[in-house]
Amino acid sequence: SQQGEEDPQALSIQEGENATMNCSYKTSINNLQWYRQNSGRGLVHLILIRSNEREKHSGRLRVTLDTSKKSSSLLITASRAADTASYFCATGFSGGYNKLIFGAGTRLAVHP
Amino acid sequence: GAVVSQHPSWVICKSGTSVKIECRSLDFQATTMFWYRQFPKQSLMLMATSNEGSKATYEQGVEKDKFLINHASLTLSTLTVTSAHPEDSSFYICSARGLAGGSTDTQYFGPGTRLTVL
């Protein structure tokens with residue numbers, strides 16, 4: 001399976017703390033994307049980082065990509081209770097209509 | 001912009017019946033649509049990729065005759081689960097990729113359809 005792995009599988013923190021999630025993958029990629037999913041809902045696109053980029057920011061989100069280690073991390077700073085959700089990384093490939101392969105996901109719980 | 005809708009949002013059916021799920025891109029033309037399946041507390045598994053006007057490309061292990069995909073226009077793709085059985089109960093999510101003003105690498109996801117087969 002090409003599906004990547006994410007750790008931790010679950011993360012529980014207090015509001016105001018930072019949350020870091022990691023993603024590893026197995027094959028060469030064109031890009032890596034992070035998505036958020038609230039329970040039983042669709043996915044919301046958070047950020048896309050290309051294979052030639054090392055770091056990207058969007059608001060309270062910071063994503064890094066290390067293609068030599070085939071890994072990425074998502075940092076959420078100053079977390080809020082509303083950040084409670086599942087977070088998935090997805091690797092994109094230049095062939096095959098740019099299909100995405102999703103990682104197992106991290107369930108984040110932010111307590112007030 | 002870049003809104004994708006799915007209909008229905010949930011459906012309950014009897015074993016042996018067929019169920020059709022629609023996926024629409026509301027404000028952009030989707031050159032490619034993807035169908036995923038998600039079991040509770042698990043990740044999304046890509047089922048198939050569909051391009052307008054051509055046959056869908058199915059991932060390994062996905063039965064083509066059971067999960068019929070039609071991409072009739074640049075804004076509509078349908079997934080039909082034929083002769084549904086309880087093990088087909090799942091959350092089905094579609095996504096669309098196209099000229100939505102952003103990167104064509106970005107997929108925009110629908111809200112999902114929860115299928116329960118009794």
Side-chain angles (χ1 to χ4, degrees), chain A residues 1-11 21 23-25 27 29-53 56 58 63 65 85-109, chain B residues 1-7 9-10 23 30-52 54-62 71 77 90-98 100-116:
Chain A
S1 168
Q2 292 184 15
Q3 189 176 44
E5 298 180 358
E6 290 182 59
D7 76 272
Q9 290 186 347
L11 181 60
M21 290 161 264
C23 167
S24 62
Y25 56 92
T27 61
I29 62 172
N30 175 272
N31 61 79
L32 188 143
Q33 305 182 37
W34 284 90
Y35 288 84
R36 165 199 169 118
Q37 183 182 36
N38 286 72
S39 180
R41 309 286 289 275
L43 273 72
V44 175
H45 183 261
L46 295 177
I47 199 164
L48 179 153
I49 186 167
R50 300 197 179 281
S51 59
N52 61 353
E53 296 176 309
K56 212 161 184 182
S58 177
V63 168
L65 178 64
S86 290
Y87 292 82
F88 295 93
C89 69
T91 46
F93 305 89
S94 55
Y97 302 108
N98 289 345
K99 69 179 182 182
L100 295 177
I101 302 298
F102 279 80
T106 295
R107 291 192 303 279
L108 173 66
Chain B
V3 177
V4 176
S5 71
Q6 278 184 245
H7 178 80
S9 55
W10 59 270
C23 176
T31 52
T32 307
M33 286 184 170
F34 303 85
W35 287 96
Y36 296 84
R37 183 175 183 175
Q38 185 180 32
F39 290 107
K41 296 187 178 181
Q42 294 190 26
S43 186
L44 280 73
M45 295 298 294
L46 179 64
M47 298 174 67
T49 302
S50 78
N51 289 283
E52 185 263 341
S54 61
K55 290 184 178 180
T57 303
Y58 289 81
E59 294 298 301
Q60 194 172 12
V62 178
H71 195 154
S77 176
S90 188
F91 193 53
Y92 292 89
I93 306 175
C94 74
S95 70
R97 184 180 71 84
S103 166
T104 55
D105 293 328
T106 300
Q107 290 184 25
Y108 299 95
F109 283 78
T113 296
R114 186 161 303 283
L115 170 63
T116 301

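All values derive from a computational prediction rather than experimental measurement.
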So, the part of A:Gln37 with a heavy atom under 4.5 Å from chain B: the answer is side chain
Turns out that what part of B:Gln6 lies under 4.5 Å from chain A's heavy atoms comes down to neither
Tell me yes or no: between the side chains of A:Tyr35 and A:Gln33, is some donor less than 3.5 Å from an acceptor?
yes
B:Thr32 side chain near B:Gln107 side chain, heavy-atom distance below 4.5 Å:
no
Below 30° counts as parallel, above 60° as perpendicular, anything between as tilted: where do the rings of A:Phe102 and B:Phe109 land?
perpendicular
Looking only at heavy atoms, which two atoms of B:Ser50 and B:His71 are closest? And how far apart?
OG-ND1, 2.9 Å
Identify which part of B:Gln60 has an atom lying under 4.5 Å from any heavy atom of chain A, answering side chain, backbone, both or neither.
neither
